[in-house]
Amino acid sequence: MGGDPASPAEFVALDQGINARAALLIQAAARKVLPRLEPVGCSVDDRGFKCDFSLKEGEWPTEAEGEALGREAVSMELSGASIRYSGESEDEVLQLLEHTATYEVNGVKAFLEPGAKVEDGRKVKAVKILNISAHNPTAEMRFVRIIGVAFDSDEGLRKYLTWLSEAEKRDHRVLGQKLDLFSFHEEVGPGLVIYHPKGQVIREELIALIREVNKRLGYEEVYTPHVFRSTLWKISGHYRLYRDKMVLAKIEGEEYGIKPMNCPGHILIYKSKSRSYRDLPIKLSEFGTVYRWEKRGELYGLLRVRGFTQDDGHAFLREDQVKDEIKAILKEIMYVLSLFGFKDEEIRVYLSTRPEEYIGTEEMWDKATEALRSAIEELGMRYEVKEGEGAFYGPKIDVHFRDSLGRWWQCSTIQVDFALPERFGLEYVESDGSKKRPVMIHRAILGSVERFMAIIIEEFAGKLPTWLSPTQAVVIPVKTAAREYAEEVARKLSEEGFRAVADLGDETPSKKIRRAYDEGVPYILLVGPREAAEGSVTVRGRGNVQVKNVPLGKFIEALRDEVSSRSLKQAAIEALKPS
RNA sequence: GCCGCCGUAGCUCAGCGGGUAGAGCGCCGGCCUCGUAAGCCGGUGGCCGCGGGUUCAAAUCCCGCCGGCGGCUCCA
């Protein structure tokens with residue numbers, strides 16, 4: 001609990017074979033006990049199964065009916081269900097031209113996504129329906145989606161439910177309140193974050209990290225306003241393509257829009273004078289706060305908000321510079337990821353290629369896509385290709401991260417853009433005097449500070465690495481006689497640039513220690529007359545690691561090393577431990 | 001935005017087959033002055049999200065709105 005060292009979230013991947021089997025049984029059970037639901041399709045992943053039904057007529061299914069469905073599926077299984085694969089086909093129910101695998105379960109038809117492996121040895125012994133919601137594959141169609149998890153034993157389900165309740169404790173929304181990091185308020189508006197002092201410390205640390213990265217990459221920081229005339233949004237195309245997410249206001253007969261992206265502002269900097277091929281690359285960065293009016297139901301804690309700060313950057317490049325830039329950015333992304341200890345299976349890298357509708361020439365696309373691909377490969381990163389999923393203006397690489405509940409969120413992104421340079425008529429003068437169009441790269445390493453912060457809060461369950469911790473050390477006097485010394489220690493640490501406080505209240509030392517642990521403070525320094533006499537501290541790290549009577553100077557030195565190297569571990573206490 | 005669920009003290013929650021509210025933590029005060037994961041006692045605290053309706057009477061039932069949660073869709 002409170003004393004555990006920072007550890008990455010353990011995601012429990014579910015058994016897909018059992019869940020596929022359960023998905024089929026659920027459909028057969030529905031035909032039996034809920035005939036107003038007609039199965040239309042089903043899919044399975046490491047978070048369970050999802051089954052879609054068309055609702056023929058009558059009431060929306062209730063939670064109780066959902067549970068009954070789960071029970072029926074298990075009882076069908078226990079009385080010996082027969083499951084037979086009967087081939088794949090174009091979907092005749094949906095007429096969506098989706099490929100589905102068809103099965104017969106006890107003689108009735110059931111569907112599953114093609115390629116899903118169905119367990120045929122073990123049996124489905126426990127099913128839990130987690131959610132019944134609407135699924136709209138198209139604007140006109142509405143299906144009932146039943147989501148659940150299945151196990152081959154009651155024990156499996158019990159363990160899963162325990163994991164779920166543990167995952168809830170890591171939830172950044174819960175921890176954000178408990179650790180006094182940020183809040184949302186009805187009177188402010190949904191999706192708009194208020195950062196408290198401690199949350200702002202984390203924000204600032206993340207921004208400081210990216211400032212260093214930007215410096216290495218050669219990005220110069222700029223600052224642009226939050227509101228631009230609609231004229232600009234019309235040129236950029238946002239006014240037409242992004243309008244439904246923009247906040248627009250008419251003032252004195254003129255229309256303005258709050259920025260949903262930072263790029264147009266940076267483009268104006270490029271355009272502010274004529275550029276030579278010698279000037280390129282030009283790289284601009286901004287911690288730009290943008291506003292996007294996401295639909296109500298899409299908002300989700302810090303992971304999906306309406307106002308957020310991007311660690312944005314735009315590079316204006318000659319075509320031959322594109323690949324090096326991508327590679328350099330990817331390297332820095334990998335460096336940043338290493339600071340947080342994300343494991344391979346906790347991130348997903350995607351390369352999205354040319355969609356059906358696109359601008360620019362095929363040759364440009366091929367070159368840019370190839371640049372992205374070879375950059376990833378040369379760095380040995382694992383990735384998946386999403387064919388045709390690129391933006392209309394260019395191909396892109398996205399990095400997705402998993403939250404405590406196993407959901408994926410897009411954070412880092414590198415996008416090649418042929419469109420905006422064209423729309424804004426960007427040019428540079430080539431060595432032969434001809435005018436050429438630069439290529440733009442949009443990139444964000446954290447993506448948004450908000451989303452990234454949420455991911456790491458969950459990753460560490462609030463027990464952040466010391467360099468990120470809002471309070472790095474709490475000094476606790478174990479005897480009243482040591483109060484002054486405790487204050488002195490805290491003051492010294494502050495003078496040395498650490499975030500330290502002395503806890504001088506009238507409570508017992510035990511209570512203060514407990515509280516400091518609960519708040520995730522990485523170092524608790526205990527001082528009494530003994531320490532005061534010799535100018536030392538007793539250091540307690542996370543996980544009940546304690547080293548007694550460390551000279552304060554030595555602790556400061558060790559802490560400085562830990563913080564400046566942005567150590568993932570509690571390097572200071574490791575270094576101080578007697579060997 | 002769509003489907004379902006939810007909204008009681010600063011926080012977590014009880015009360016909800018109608019009779020105007022409770023606990024723990026926190027906060028405040030007192031005692032204790034403490035060597036390692038919640039010391040003891042007392043007090044404070046609520047327009048029961050907001051508005052309307054039903055009723056002799058609404059936290060409790062109904063409707064609308066606001067906000068949240070789980071999905072869908074979309075994205076950093």
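Sequence lines set the chain letters: A, B, ... in the order given, protein chains first and strands last, and positions in each chain run from 1. Heavy atoms only: backbone and side chains are in, while hydrogens, waters and symmetry mates are out. Every value quoted in this text rests on a predicted model; they were computed, and no experiment measured them.
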Atom P, compared across B:rG52 and B:rG68: separation rounded to whole Å: 23 Å
Under 4.0 Å, heavy atoms only, any strand: does A:Q546 hit a base, just the sugar-phosphate, or nothing? base
Tell me what A:V305 touches on the nucleic acid: a base, only sugar-phosphate, or nothing, going by heavy atoms under 4.0 Å. base
So A:E65, base contact, sugar-phosphate only, or nothing? Heavy-atom distance under 4.0 Å. nothing
note: A:I147, atom CD1; B:rG70, atom C1'; distance rounded to Å ~ 8 Å
Give a yes or no answer on whether the side chain of A:W233 reaches the backbone of A:G257 with a donor-acceptor pair at less than 3.5 Å. yes
Under 4.0 angstrom, heavy atoms only, what part of the nucleic acid is A:F452 near: base, sugar-phosphate, or nothing? nothing
Classify A:K245 by what it touches in the nucleic acid, base, sugar-phosphate, or nothing, heavy-atom distance under 4.0 Å. sugar-phosphate
Distance, P atom - from B:rC5 to B:rG43, rounded to whole angstrom: 42 Å
Hey, is A:D46 close enough to A:R407 for a salt bridge, meaning N to O under 4.0 Å? no
Partner nucleotide, any strand, of B:rC34 [Watson-Crick/G-U, under 3.5 Å]: none
Is A:W409 stacked on the base of B:rA76, meaning ring centres closer than 5.5 Å and planes within 30 degrees of each other? no
Select base, sugar-phosphate, or nothing to describe what A:D312 touches, counting heavy atoms under 4.0 Å on all strands. nothing
Watson-Crick or G-U wobble partner of B:rC61, both distances under 3.5 Å: B:rG53
What's the gap between B:rC48 and B:rG4 when it is taken at their P atoms, as a whole Å value? 28 Å
Identify whether any heavy atom of A:R47 sits under 4.0 Å from a base atom; if not, whether one sits that close to sugar-phosphate; answer base, sugar-phosphate or nothing. sugar-phosphate
Listed nucleotide nearest any side-chain atom of A:D506, set B:rC75, B:rC2, B:rU33: B:rU33
If we take the C1' atom in both B:rG18 and B:rU55, what is their distance in whole Å? 9 Å
Touch check for A:E450, heavy atoms < 4.0 angstrom, all strands: base, sugar-phosphate only, or nothing? nothing
My understanding is that a pair needs two contacts under 3.5 Å, Watson-Crick or G-U wobble. By that rule, which nucleotide pairs with B:rC5? B:rG68
Decide yes or no on ring-ring contact (aromatic ring centres under 6.0 Å, His included) for A:Y523 and A:F555, but give the supporting numbers first. CA-CA 10 Å; A:Y523 289 108; A:F555 175 69; 5.5 Å; yes
A:E507 CD to B:rC40 P, in whole Å, measures 13 Å
I'd like the P distance from B:rG51 over to B:rU60, given in whole Å. 12 Å
With respect to the phosphate group of B:rG26, does any side-chain polar atom (N or O) of A:K511 fall under 4.0 Å of OP1 or OP2? yes
Residues A:D398, A:K396: salt bridge by 4.0 Å N-O rule: yes
Is B:rC13 paired to anything, Watson-Crick or G-U wobble with both distances less than 3.5 Å, and if yes, which nucleotide? B:rG22
Just how far, in rounded Å, is C1' of B:rG1 from CZ of A:R296? 10 Å
Using atom P of each nucleotide, how far apart are B:rC65 and B:rU73 to the nearest Å? 25 Å
Whole-Å gap separating C1' (B:rC72) and CD1 (A:I132): 14 Å
Would you classify A:R142 as touching base, sugar-phosphate or nothing, given that sugar-phosphate means primed atoms plus P, OP1 and OP2, and contacts are heavy atoms under 4.0 Å? sugar-phosphate
Pick the nucleotide of RNA chain B nearest each of A:H400 and A:R173; which residue has the one closer to the 5' end? A:R173
Please classify the nucleic acid contact of A:R407 as base, sugar-phosphate, or nothing, using heavy-atom distances under 4.0 Å. sugar-phosphate
Heavy-atom nearest nucleotide on RNA chain B for A:P529 versus A:D398: which residue maps closer to 5'? A:P529
Answer yes if the ring centres of A:Y160 and A:F151 are under 6.0 angstrom apart, and no otherwise. yes
Please give the distance between the C1' atoms of B:rC25 and B:rA38 as a whole number of Å. 10 Å
Note: A:E450-A:R304 ion pair, threshold 4.0 Å (strictly below): no
Is the distance from the ring center of A:F340 to that of A:F452 below 6.0 Å? yes
Length of the CD-C1' vector between A:E294 and B:rG67, whole Å: 18 Å
For nucleotides B:rA14 and B:rG24, find the distance between their C1' atoms and express it as a whole number of Å. 11 Å
Would you indicate whether A:E484, at its atom CD, is surrounded by more than 12 heavy atoms from other residues, nucleotides or ligands within a distance under 6.0 Å? no
Have a look at A:T480 and say if it touches a base, only the backbone sugar-phosphate, or nothing, with a 4.0 Å heavy-atom cut-off. base
How would you label the contact of A:R540 with the nucleic acid (heavy atoms, under 4.0 Å): base, sugar-phosphate, or nothing? base
